[in-house]
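Every chain is numbered from 1, with letters handed out A, B, ... down the list of sequences.
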Amino acid sequence: MSQVRLRFAPSPTGFLHVGGARTALFNWLLARKEHGKFILRIEDTDVARSTQESVDAILEGMTWLGLDWDEGPFYQSDNFPLYKEQVQKLLAAGKAYKCYCSSEELEAKREKALKEGGKPKYDGTCRNLPLQEDDGRPYVVRFKAPQEGTTSWIDAIKGKISFENSELDDLIIQRTDGTPTYNFVVVIDDASMGITTVIRGDDHVNNTPRQILLYEALESPVPTFAHVPMILGADKARLSKRHGATSVMAYRDMGFLPEAMVNYLVRLGWSCGDEEIFGLNDLIQKFSIENVGRSAGVFNTDKLLWLNAHYIKNGDPVRLAGLVTPFLQERGVDPTSGPDLVAVVRTLQERSKTMLELAAGAVFYYKADFGYDEKGAAKFFTPETPALFEELLGKLAALQTLSVESIEVAFKVICEEKGIKLGGIGPAVRLALSGATVSPGIFEMIQVLGIAETRKRLERAIATIRG
RNA sequence: GGUCCCAUCGUCUAGUGGUUAGGACACCGGCCUUUCACGUCGGGUACAGGGGUUCAAGUCCCCUUGGGACCA
């Protein structure tokens with residue numbers, strides 16, 4: 001019983017985007033579910049475009065999502081000797097050959113073929129040349145692929161896929177400058193790392209038959225392939241910057257929780273009956289590659305927002321307090337300078353879709369120098385308001401304990417005495433305490449702010465009204 | 001242009017020959033209510049089109065259309 005080995009192999013040419021994150025997640029989930037290994041490999045053969053910053057950004061993104069890896073990160077740039085060796089091996093075995101055609105010649109042939117209605121594929125000029133020692137002439141190494149028959153595989157997501165070998169070119173595996181090409185390197189790495197299942201984006205479907213042929217030439221077992229569909233933008237075009245944020249870390253910065261991101265990403269293309277809410281541990285039990293859909297999906301921020309609201313609402317307030325702190329600091333708020341942040345978070349959890357929103361809603365607790373909402377002040381600050389506030393202050397001061405229940409009782413007593421409804425005093429208090437007409441519950445705010453701060457704010461409002 | 005893939009509400013999807021085509025987000029309306037939310041109840045909206053196969057097709061086959069990917 002051999003264990004499954006899966007990998008995520010990003011190119012370090014940018015941050016971790018949502019598509020890559022989902023691919024990584026699917027790989028990770030299957031590895032965890034099957035008690036196999038999850039390997040991280042950095043595909044940095046394109047040295048010019050690869051950067052350490054990108055590597056760091058990708059690792060940061062995966063860590064944020066909670067996707068840990070068992071082996072790696074390995075770097076392809078460390079494997080150049082292996083790739084060279086494998087090229088020589090194929091050359092020696094007659095399974096690859098040196099092609100001396102210049103790119104100009106090839107271009108001319110391609111155009112001619114196109115003009116005559118043929119296919120623009122390599123014509124095999126050098127295919128049967130005997131292997132010669134290097135003589136200074138530039139050459140590429142091509143894989144000698146079979147020209148007849150079909151190559152097919154059972155894709156774990158898409159089912160059977162077949163290609164006619166006659167449609168396939170003799171793939172270049174080593175460029176003129178001696179560097180190996182992508183399709184070759186991937187196969188060598190996956191083979192040498194013992195990868196058993198390759199889960200990747202379906203933009204690689206067309207590469208797969210060539211890669212299978214290479215596995216066979218290398219006499220390596222062919223892994224199971226699972227091609228996951230693309231993620232699209234609202235206009236059904238491939239997701240890109242113009243659709244909004246594509247980096248998972250940008251979502252953190254917008255106040256999204258990693259568990260919301262994971263939950264959203266996994267449900268985009270995968271399902272488990274009617275269930276919508278999944279935690280990571282849940283998913284390890286329930287995930288199955290067979291239930292991944294075959295069609296591309298549109299990234300829908302509204303649903304992500306809904307999930308985020310769900311996780312904020314049900315989240316641990318202590319943890320959320322920690323997460324919201326940087327957002328508050330960005331707004332110039334020092335959360336140690338006022339009411340207990342955990343208590344503040346509790347009043348905002350149910351009404352915040354993002355941590356950014358939660359932070360915005362928390363500012364008034366710490367900064368009392370706000371102005372009053374104009375329309376609200378015109379409507380709710382009346383000549384009678386100061387007397388009501390003074391009455392309220394007296395009742396609050398007399399309370400033994402300051403709880404939501406006792407505060408509510410104080411309000412009810414005033415309402416009865418004055419013959420008014422809660423609406424006759426509540427909105428004015430809300431405005432005095434928060435400056436806004438939208439806020440957490442009045443009783444909760446008073447409890448969190450405390451008597452002293454409540455007094456200050458009501459007195460400030462009284463002064464304002466009396467002008 | 002060639003090859004390959006895909007096609008159920010606006011969006012994510014359930015559905016594996018017999019369903020009033022289900023759920024979720026979003027939207028609309030009721031209730032709850034000190035605001036906003038939350039919650040709750042209810043509503044509208046989908047099988048791309050055309051041919052087959054079958055007693056029966058969203059489900060199987062073919063074609064068309066549309067979308068996408070890769071190569072060039």
Side-chain angles (χ1 to χ4, degrees), chain A residues 106-107 109-111 113-115 117-122 151-153 155 157-169 171 182-183 201-210 227-239 263-277 290-310 312-314 347-353 357-358 361 373 376 379-380 407-408 411-412 415 420-431 433-434 436-446:
Chain A
L106 292 171
E107 186 54 38
K109 283 177 185 174
R110 195 176 295 130
E111 276 176 28
L114 231 32
K115 210 171 284 176
K119 287 172 184 170
K121 56 177 285 195
Y122 181 61
T151 298
S152 60
W153 74 96
D155 195 275
I157 291 172
K158 292 177 182 278
K160 182 171 180 175
I161 300 179
S162 302
F163 284 78
E164 294 297 322
N165 290 156
S166 57
E167 298 292 340
L168 271 25
D169 251 357
L171 180 75
Y182 173 77
N183 281 105
D202 74 359
D203 45 339
H204 288 292
V205 166
N206 287 277
N207 291 329
T208 306
R210 291 182 177 84
H227 288 97
V228 323
M230 302 275 89
I231 296 179
L232 310 176
D235 59 357
K236 306 239 179 175
R238 191 176 185 153
L239 193 66
N263 198 149
Y264 178 71
L265 251 19
V266 81
R267 272 292 284 114
L268 181 52
W270 172 84
S271 62
C272 182
D274 282 345
E275 291 183 64
E276 293 289 347
I277 305 295
E290 295 77 31
N291 289 323
V292 175
R294 297 118 309 192
S295 54
V298 174
F299 191 89
N300 180 211
T301 311
D302 276 335
K303 187 147 188 183
L304 172 59
L305 229 26
W306 173 73
L307 282 165
N308 204 49
H310 168 84
I312 289 177
K313 188 171 37 172
N314 297 294
T347 69
L348 261 4
Q349 271 179 281
E350 266 198 354
R351 57 197 94 230
S352 304
K353 282 186 157 59
E357 228 177 271
L358 198 155
D373 176 86
K379 187 170 177 190
F380 301 120
I407 295 166
E408 183 172 4
F411 272 84
K412 283 199 169 146
C415 287
I420 57 174
K421 289 184 176 175
L422 193 49
I425 178 171
V429 175
R430 177 190 317 288
L431 201 55
L433 296 179
S434 71
T437 53
V438 172
S439 78
I442 296 164
F443 313 141
E444 294 165 272
M445 284 195 291
I446 292 175

With [atom1] as the reference atom in both, quote the distance from [N] to [M] in angstrom, rounded to an integer.
| N | M | atom1 | answer |
| --- | --- | --- | --- |
| B:rC70 | B:rC61 | P | 27 Å |
| B:rG50 | B:rC12 | C1' | 29 Å |
| B:rC6 | B:rA14 | P | 14 Å |
| B:rG43 | B:rC63 | P | 42 Å |
| B:rC4 | B:rC62 | P | 13 Å |
| B:rA69 | B:rA26 | P | 29 Å |
| B:rC25 | B:rG39 | P | 9 Å |
| B:rA46 | B:rU3 | P | 36 Å |

Original post:
Quick one: on RNA chain B, does A:S271 or A:F299 contact a more 5' nucleotide (nearest heavy atom)?
Top reply: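 Closest to the 5' end, via its nearest nucleotide, is A:F299.
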[X] side chain to [Y] backbone, donor-acceptor under 3.5 Å:
| X | Y | result |
| --- | --- | --- |
| A:D373 | A:L431 | no |
| A:R267 | A:W270 | yes |
| A:R430 | A:P440 | yes |
| A:Y264 | A:N300 | yes |
| A:E350 | A:K313 | no |

So which protein nitrogen or oxygen atoms get under 3.5 Å of nucleotides 5-10 of chain B's nitrogens or oxygens?
{"from": "B:rC5", "atom 1": "O2'", "to": "A:K158", "atom 2": "NZ", "distance (Å)": "2.7"}

**OP:** Nearest 0.5 Å please: distance from the CG atom of A:L348 over to the CE atom of A:M445.
**Re:** 10.0 Å
Whole-Å distance between [N] [atom2] and [X] [atom1]?
| X | N | atom1 | atom2 | result |
| --- | --- | --- | --- | --- |
| A:W153 | B:rU3 | CH2 | P | 16 Å |
| A:D274 | B:rG15 | CG | C1' | 10 Å |
| A:W306 | B:rU11 | CH2 | C1' | 14 Å |
| A:W270 | B:rA24 | CH2 | C1' | 14 Å |
| A:D302 | B:rU13 | CG | C1' | 16 Å |
| A:N207 | B:rA69 | CG | C1' | 10 Å |
| A:E276 | B:rU11 | CD | C1' | 12 Å |
| A:D203 | B:rA69 | CG | C1' | 7 Å |

Subject >> Side chain proximity check, A:F163 to A:N206, heavy atoms < 4.5 angstrom >> reply: yes
Original post:
Going by heavy atoms in the side chains, are A:D203 and A:M230 under 4.5 Å from each other?
Top reply: yes
Subject >> B:rG2 base / A:E167 side chain donor-acceptor hit below 3.5 Å >> reply: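 Absent.
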Subject >> A:E164: side-chain contact (heavy atoms from CB on, under 4.5 Å) partners, not counting sequence neighbours >> reply: A:T150, A:S166, A:E167
**OP:** Quick one: list whatever passes side-chain hydrogen bond (donor to acceptor under 3.5 Å, both in side chains) with A:D202, sequence neighbours left out.
**Re:** A:K158
Original post:
When every nucleotide of nucleotides 27-38 of chain B is labelled 5' to 3' by its protein contacts under 4.0 Å (heavy atoms), B for base, S for sugar-phosphate only, - for none, what sequence of letters results?
Top reply: -------BBBBS
Subject >> A:R238 side-chain N/O to B:rC70 phosphate OP1/OP2 under 4.0 Å >> reply: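 Yes, A:R238 has a side-chain N/O under 4.0 Å of OP1/OP2 on B:rC70.
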**OP:** May I have the step-by-step check of side chain to side chain contact (heavy atoms under 4.5 Å, CB included) for A:L304 and A:F299, ending in yes or no?
**Re:** CA-CA 9 Å; A:L304 172 59; A:F299 191 89; 4.0 Å; yes
So which protein nitrogen or oxygen atoms get under 3.5 Å of nucleotides 43-46 of chain B's nitrogens or oxygens?
none

Subject >> Any residue meeting salt bridge (Lys or Arg N to Asp or Glu O under 4.0 Å) with A:E275, in chain and number order, not counting sequence neighbours >> reply: A:K286
